[in-house]
Amino acid sequence: MTLKVYNTLNNRKEEFIPRTAGKVDMYVCGPTTYNLIHLGNARPLIVFDTVRRYLEYTGYEVNYVQNFTDIDDKIINRAKEEGMDPLALADKYIKEYYKDAGALGVRPATVHPKVSEHLSEIIDMIQQIIDNGYAYEVDGDVYFGVSKFTGYGKLSGRKLEDMQAGARIDVDERKQHPMDFALWKAAKPGEPAWDSPWGKGRPGWHIECSAMANKYLGIGFDIHGGGFDLIFPHHENEIAQAEACTGCGPFARYWMHNGFITVNEEKMSKSLGNFFTLREILAKYDPEVVRFYMLSTHYRSPLDFDDTKLEMNKKSLTRLHNALDNIKALINGVSYGDSDISLEKEIKSLLDILGKTEREFGEAMDDDFNTSLAVACLFDLAREANAFGKALDVHAGKVLPVTVKETLEKVKEKFLQLGLVLGLFQQEGAVPEESGIIEKLMNVLVEVRQEARARKDWDTADAIRNKLGQIGIVLEDTPQGVRWKQK
RNA sequence: GGCGGCAUGGCCAAGUGGCUAAGGCAGAGGACUGCAAAUCCUUUAUCCCCGGUUCGAAUCCGGGUGCCGCCUCCA
C-alpha cells in the first residue's frame, strides 16, 4: 500500500514520499481572524485534520502548522467599526476559532503561529529577497518583482503574459510590473505599524506564510494545503517569496487544495445572502453531521450545502451510530460462557469481513484520501455486524460462547478506530454524567411497561412508549431486552 | 478574453479501459415484532449528446451542450 496524493504543482496524483522517513511536515493556511469562521472555512479544517489523522494512523509523526492571520486590512477595518484595537479583535476571534474547530473534532495544530509574533522573521525575509534582487522599495512599500522570478506561475499554470491581458485591477504606476505584489505596506495614519528598514508599516498578506512555514518547517517541507482559491495568487506568491529568499526549492513538495463549498449551487458570498457562519449551522445540526457531510464527498470536488442534504447525511450517520449501539448492546446484554452453541462459521465470516474492511479502508484513503469510499467501507462493516447480530437473535436468552463476545469487541474496536481516522465517533467514549439518576428513572419506566406488556396491556405499554417518544426518547424492544436512547 | 474543473439511478456520491457500475438517503415488496423501533433480505442506472480509437469505454481522443470556479479580498 502506498499513499498517492494529488499534487497541484504537477496536476496529477503522485506517490507520497516524505523528505524524512516516518515524518510529515505540513502547513495549512489558517483563517484571518476578523469574524467567526464560516462554512467555507470549515472544509479545509476538516479535510486537513483528516489527512493528518490518516497519516498518523499509518504511522507517521506529523508536524502540523496552521497560522492565524491576525494582521490584515479586514481586521483593521472591522476593528475600526467596533472601536476595538485590531490585535485585541483578532485575539477574540482566535478564541472563537478554537471553539468552532473543537466542536468539529478538529485537533489543534502542533503549532499555531501568528503574524503579529513573527514580524522579525518576516522583515528578515523581505530584506533577504531585496538583497537577492527580487524585490524593490518604493516610498516605504516593498514589492516583489514577479518578472524577475522565472518560476512565477508554475503552481497555477499561468503565464505572466496571459495574466497581463486579463488584469482588471487599477495598476499602481509605481510597480515595475502590474502583477508585482506587496511584501511590505507603509502604514497610513492610525493603522497598526511596526518598525522596519523601510519605515513604519505592516507585512503584505502573502509573506507571512512563507516566513512562518520556513521558520517552523524549513524549505522543502512535505505538504502545503489550503482552499482552491488560494492557488492564485496566494500560494503562487508564497512559492516566489520563499524560493527567491532561500535561492532554492521547492518551497513545499506536495500542494493540496480542497474544493469550494457552494450553497444552493452558488458560491457562498455575503452579497448573495447565502453566507453562513459555522455557528449558525451548528445551532441546528450536530457538528459530527457537518463533519460527516464534508467527508462524504472527495475533498477536491465542490460540495453543495443545503438543509436537505444535511438532513440526508444526518440519517446516514445515524445508521453508523445504530450499528455501534447494536454491537454494544450485544456485548453487554448477552450472557457469555461455556456454551454448546456453535457459531464458528459466523465468527470466521465476520472476522474475514473485518480484515477486508480494514484493508479496503486503507486502500481508499491511500488513493488521495478518498473519504467517500472509506465511509462506504464503514457502512459495509455495519451491515455485516448487524447481520451477525441477527444470527444471534435466534439464541436469545441462552449462554453464548465467549468467542462471540471477543469477536464483537474486535469489531467495535476496529469500527471506532477507523471512524476516528475520519474524526467520527469522538463522543463515544464520553462518560454520561447526571449521577445515574436518569438511568434509574428510565429503568423504572421500562419495568412498569414490561409488566404491562406481560399482561398484554398494550394501551399502557404503548402510552409509555409514545409519551417518551414525544420527549425524544426512543424505546426499542429487542430479543436481548429493552433499549432506550435519546433521539 | 485567459486558465481550470465538473456532468453517473428520484436525491447525494465512489468508480478513469474488461467479471453482476460501490456506498448512503428516499421509494416498493418481504422477514422479525402484540404493534412499533432497530435490523436483515429482495428490488430501482442504455453512466449529458454526437463522432472516433479499441476485441472491449462511464472510463481514452475530437466536437457539441449545460453548469461551476479562478484570473480582484476570499477557505
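What you see is a predicted model; the values in this text were computed from it and never measured.
Remark: R300(A) qualifies as a cation-pi partner of Y6(A) under the 6.0 Å distance and 45° angle criteria applied to the six-membered ring. Remark: R78(A) fails to qualify as a cation-pi partner of Y34(A) under the 6.0 Å distance and 45° angle criteria applied to the six-membered ring.
Looking at K348(A) and D352(A), a side-chain N of the basic residue comes within less than 4.0 Å of a carboxylate O on the acidic one, giving a salt bridge. Note on K328(A) versus E428(A): salt bridge recorded, some NZ/NE/NH1/NH2 to OD/OE distance being below 4.0 Å. Between R202(A) and D73(A), at least one side-chain nitrogen of the basic residue sits less than 4.0 Å from a carboxylate oxygen of the acidic one, meeting the salt-bridge criterion.
Contacts of H298(A) with the nucleic acid, taken as non-hydrogen atoms under 4.0 Å apart, involve only primed sugar atoms and P, OP1 or OP2. At a threshold of 4.0 angstrom between heavy atoms, the contacts of L39(A) with the nucleic acid are absent. Note on N370(A): only backbone sugar-phosphate atoms sit closer than 4.0 angstrom, heavy atoms only; bases stay farther off. At the heavy-atom level, G226(A) lies under 4.0 Å from the strands shown only through sugar-phosphate atoms.
One C1' atom belongs to C47(B), the other to U8(B), and the distance between them is 4 Å to the nearest Å. Remark: the separation of the P atoms in C49(B) and G9(B) is 10 Å, to the nearest Å. The gap from the P atom of A7(B) to that of C48(B) amounts to 8 Å, rounded to the nearest Å.
Residues passing the side-chain contact (heavy atoms from CB on, under 4.5 Å) test with D304(A) are T262(A), E265(A), D306(A), K309(A), sequence neighbours excluded. Listed by chain and residue number, L354(A), E358(A), Q417(A), L418(A) satisfy the side-chain contact (heavy atoms from CB on, under 4.5 Å) test with K414(A) (two or more places apart in sequence, or in another chain). Partners of D229(A) under the side-chain hydrogen bond (donor to acceptor under 3.5 Å, both in side chains) rule, at least two apart in sequence or in another chain, do not exist in this structure. Every residue two or more places apart in sequence or in another chain was checked for a side-chain hydrogen bond (donor to acceptor under 3.5 Å, both in side chains) with W255(A), and none qualifies. Partners of R279(A) by side-chain contact (heavy atoms from CB on, under 4.5 Å), not counting sequence neighbours, listed by chain and number: L36(A), E96(A), K99(A), D100(A), T277(A). Residues passing the side-chain hydrogen bond (donor to acceptor under 3.5 Å, both in side chains) test with D91(A) are K95(A), sequence neighbours excluded.
Applying the side chain to side chain donor-acceptor pair (under 3.5 Å) test between N7(A) and each of R12(A), E14(A), H257(A), K13(A) identifies E14(A) as the sole match.
For K315(A), taking side-chain heavy atoms from C-beta onward, the closest of the listed nucleotides U72(B), A26(B), C70(B) is A26(B). With G23(B), A26(B), A75(B) as the choices, the nucleotide that has an atom nearest any side-chain atom of A376(A) turns out to be G23(B).
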Listed pairs under 3.5 Å, donor-acceptor, residues 461-474 of chain A side chains, sequence neighbours left out:
residue : atom : partner : partner atom : Å
N466(A) : ND2  : D462(A) : O            : 3.1

For nucleotides 30-40 of chain B, 5' to 3', base contacts (B), sugar-phosphate-only contacts (S) and non-contacts (-) with protein non-hydrogen atoms under 4.0 Å give -B--BBBBBBS

For RNA chain B, the expected dot-bracket line (Watson-Crick or G-U under 3.5 Å, [ ] crossing, | inter-strand) is ((((((((.[[[..)..(....]]].(((((.......)))))....[[[[[..)....]]]]])))))))....

Please list, for nucleotides 9-11 of chain B, all pairs of protein and nucleotide N/O atoms separated by less than 3.5 Å.
none

Collect all protein-nucleotide pairs involving nucleotides 2-7 of chain B in which both atoms are nitrogen or oxygen and the distance is under 3.5 Å.
residue : atom : partner : partner atom : Å
G2(B)   : N2   : R158(A) : NH1          : 3.4

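The phosphate of C25(B) (OP1 or OP2) has no side-chain N or O of N313(A) nearer than 4.0 angstrom.
Residue pairs meeting the ring-ring contact (aromatic ring centres under 6.0 Å, His included) criterion with at least one partner in residues 286-319 of chain A, sequence neighbours excluded, are Y293(A)-F305(A).
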